[in-house]
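Throughout, a chain's letter reflects where its sequence line sits, starting with A, and its residues are numbered from 1.
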Amino acid sequence: MKIGVLALQGDFSEHISMLKKIGVETAEVRLPKHLDGLDGLIMPGGESTTIGKLAVAYSLMEPLREFGKLHAVWGTCAGAIFLSKDIGRDQPLLELMDIKVRRNAFGRQVDSFETNLEIDELMKATGTEHPYHAVFIRAPIIESVSGNVKVLSALEDGRIVAAQQGHLLATSFHPELTGDTRFHEYFISLASASAS
Amino acid sequence: MEAMTGTWTEKKGLAQMLKGGVIMDVVNAEQARIAEDAGACAVMALERVPADIRADGGVARMSDPDMILKIMDAVSIPVMAKCRIGHFVEAQILESIGVDYIDESEVLTPADEEHHILKHNFKVPFVCGCRNIGEALRRIGEGAAMIRTKGEAGTGDVVEAVRHARSVIGSIRALQVMNDEELMTFAKNNGAPYELVKEVKTLGRMPVVNFAAGGVATPADAALMMQLGVDGVFVGSGIFKSGDPARRAAAIVKSVTHFQDASILAEVSKNLGEAMVGRNAAHMPEGEKLAVRGW
């Protein structure tokens with residue numbers, strides 16, 4: 001099992017540390033050739049405008065779309081924006097997942113927050129019972145989902161913050177900034193399923 | 001559980017999202033849009049870039065909040081703004097208008113020549129400059145959630161940025177091989193909080209994100225800083241004091257992502273037009289150096 005982390009900009013090294021912690025081999029992806037031989041890809045937090053522009057400049061858009069048709073892909077925050085179909089403004093998107101996302105949906109940095117989430121799917125998959133502590137930073141929300149997208153988690157007011165569509169995963173928050181490896185373990189199970 | 005805001009994880013976390021990116025100085029909404037279009041991961045809103053602050057002389061203060069708000073409206077990426085060293089009321093004002101990060105900056109004229117702001121008192125995160133590990137850890141001790149090596153702002157000469165980054169990163173390496181009983185002496189000799197010295201030894205890196213600043217003018221300069229081991233780069237006067245700002249800005253963004261790939265660096269360095277004229281930092285009188293501000 002080898003998982004790539006999109007390393008154009010953002011907190012990719014935090015994802016790599018989490019993957020190493022659970023014994024997964026990793027690779028940094030900056031160019032199309034770096035996708036060869038990977039079983040899955042994580043797209044990190046960062047600035048989605050920056051990541052999109054660099055993906056266009058280095059001809060990564062089509063290779064990433066092709067990769068995502070067959071392999072597990074997980075986007076956290078900026079990565080989730082990049083994975084989405086629609087964000088209501090003009091910037092490069094992979095349009096792989098049937099979700100509509102709104103950027104900076106909670107306001108500016110002083111409004112960024114941490115909270116606990118009850119995520120049944122995650123607790124079931126990892127055989128655990130404690131809530132997931134989620135870190136939101138200038139976070140997007142998933143405004144709406146369509147097709148066969150499954151909502152994994154929503155805040156108390158109903159705003160969606162995690163969703164899954166087959167082997168594709170999107171979270172508004174940053175599991176890579178916590179010590180809790182459950183989301184990374186869950187993603188590895190999706191990557192194993194789509195690899196076999 | 002109640003949602004928690006303004007936590008240490010949140011403050012440090014936003015800087016982690018900026019890693020591998022370029023933060024650009026802009027003086028108006030139009031420049032901010034050019035920076036965002038070029039791929040900046042954040043902008044620093046200020047009235048005059050450091051090169052002009054040097055040329056104009058006089059007292060340099062926090063920018064007009066109205067001008068900062070216009071830049072916040074113009075772009076979707078984080079907006080930082082500078083306050084004077086020790087001027088906690090300027091910081092309160094910047095926090096109240098909702099800037100995403102405050103730079104307590106030596107580029108502005110210091111308001112206090114003995115004390116920095118107690119940054120733990122704020123919900124908004126702060127970035128501060130440093131020349132060495134002692135200065136970096138003192139600022140972190142006061143609550144800075146991000147550090148930048150100072151370099152010499154407004155010169156276009158990378159030599160001081162290299163000196164400061166090498167000093168900080170060299171000290172981190174030296175700590176790795178020290179015995180635990182040597183750490184208190186290291187803390188004393190460097191004027192650094194002991195607990196943070198221990199943390200740096202354990203982590204093998206700075207406990208917060210560390211960018212380079214002060215004199216970066218070319219894609220090669222930016223990649224040099226990245227290869228020395230910083231997490232990202234601030235570019236101040238280097239972009240909008242050059243011949244073709246949009247093109248140079250985009251090239252520097254690419255050079256920070258592909259900092260280890262010399263063939264890409266060669267490609268992005270082509271035909272950028274005039275770099276900023278620059279001033280040789282080594283020949284500058286001590287009194288004109290901004291980096292010495294900070295205690």
Side-chain angles (χ1 to χ4, degrees), chain A residues 6-15 28 30-31 44-58 76-79 81 87 89 91-92 103-104 106-118 131 133-140 155-157 173-174 176-179, chain B residues 1-23 35-43 72 75-80 94-102 122-125 145 205 209 231-232 250-251 253-254 256-261 264 267-268:
Chain A
L6 191 64
L8 296 173
Q9 189 271 324
D11 70 335
F12 51 88
S13 62
E14 281 76 353
H15 274 293
E28 293 181 3
R30 290 185 177 83
L31 295 170
E47 276 309 310
S48 62
T49 50
T50 305
I51 293 169
K53 277 167 212 305
L54 287 161
V56 170
Y58 290 94
T76 59
C77 194
I81 294 166
I87 62 163
R89 51 172 277 149
Q91 70 179 63
R103 291 180 61 200
N104 303 334
F106 297 95
R108 304 201 70 94
Q109 173 60 15
V110 287
D111 307 303
S112 291
F113 63 99
E114 300 177 51
T115 194
N116 284 341
L117 301 173
E118 302 281 341
H133 186 73
V135 179
F136 293 81
I137 297 176
R138 285 174 44 96
L155 299 175
E156 278 172 16
D157 60 13
F173 48 90
H174 295 281
E176 74 277 15
L177 296 187
T178 68
Chain B
M1 102 183 227
E2 279 287 297
M4 301 181 296
T5 57
T7 65
W8 184 238
T9 300
E10 290 293 343
K11 290 175 172 179
K12 236 172 37 161
L14 178 54
Q16 287 171 281
M17 299 309 136
L18 303 175
K19 285 174 23 174
V22 183
I23 301 169
E36 184 177 44
D37 284 344
C41 66
V43 291
M72 287 162 60
V75 294
S76 64
I77 57 179
V79 176
M80 301 183 165
L94 293 174
E95 180 177 59
S96 84
I97 66 169
V99 302
D100 296 300
Y101 239 93
I102 295 176
F122 290 77
K123 275 196 159 183
V124 64
R205 58 156 292 141
V209 165
D231 296 316
V253 168
K254 289 172 182 165
V256 168
T257 296
H258 298 287
F259 69 95
Q260 291 164 308
D261 189 329
I264 291 183
E267 200 52 46
V268 304

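Using a 4.5 Å cut-off between heavy atoms, A38(B) contacts chain A through its backbone alone, with no side-chain atom that close. For chain A, no part of V75(B) is nearby; none of its heavy atoms comes within less than 4.5 Å. Contact annotation for A250(B): neither backbone nor side-chain heavy atoms come within less than 4.5 Å of a heavy atom of chain A. The parts of D37(B) that come within reach of chain A are both its backbone and its side chain, each placing non-hydrogen atoms under 4.5 angstrom from that chain. Only the backbone of K11(B) comes within contact range of chain A, with heavy atoms under 4.5 Å apart. Proximity to chain B (any heavy atom under 4.5 Å) is restricted, for E176(A), to the side chain, taken from C-beta onward. When heavy atoms are compared at a cutoff of 4.5 Å, P125(B) approaches chain A solely by way of its side chain, counted from C-beta outward. At a 4.5 Å heavy-atom cutoff, the contact between T49(A) and chain B is made by side-chain atoms alone. With a threshold of 4.5 angstrom between heavy atoms, S13(A) approaches chain B through side-chain atoms but not through N, CA, C or O. Heavy atoms closer than 4.5 Å to chain B are found in the side chain of L54(A), but not in its backbone. Looking at R108(A), both its backbone and its side chain come within 4.5 Å of chain B, counting heavy atoms on both sides. Neither the backbone nor the side chain of A78(A) comes within contact range of chain B; no heavy atoms are under 4.5 Å apart.
Comparing I77(B), V79(B), V124(B) by how many heavy-atom pairs each has under 4.5 Å with chain A, the most go to I77(B). In terms of heavy-atom pairs under 4.5 Å with chain B, the best-connected choice from Q91(A), R30(A), H174(A), R89(A) is R30(A). Note on K123(B), E10(B), Q16(B): by heavy-atom pairs under 4.5 Å with chain A, the leading option is E10(B).
Under 4.0 Å is where a charged nitrogen must lie from a carboxylate oxygen, and between E47(A) and R103(A) at least one such pair does. At a threshold of 4.0 Å, the pair K19(B)-E14(A) counts as salt-bridged, since one of the basic side-chain nitrogens sits closer than that to a carboxylate oxygen.
Side-chain atoms of T7(B) and E114(A) include a donor-acceptor pair closer than 3.5 Å.
Side-chain contact between I51(A) and I81(A) is absent, with no heavy atoms from C-beta onward closer than 4.5 Å. Put simply, the side chain of L18(B) reaches to within 4.5 Å of the side chain of M80(B), judged on heavy atoms. In this structure, V253(B) and Q9(A) have side chains that are not in contact, with every pair of non-hydrogen atoms separated by 4.5 Å or more. Looking only at side-chain heavy atoms (C-beta outward), L117(A) and F173(A) come within less than 4.5 Å of each other. At a threshold of 4.5 Å between non-hydrogen side-chain atoms, the residues L177(A) and M17(B) count as touching.
Between E36(B) and K53(A), the closest heavy-atom pair is O-CE, 3.2 Å.
T5(B) places no side-chain N or O within donor-acceptor distance of the main-chain N or O of F113(A), the cut-off being under 3.5 Å.
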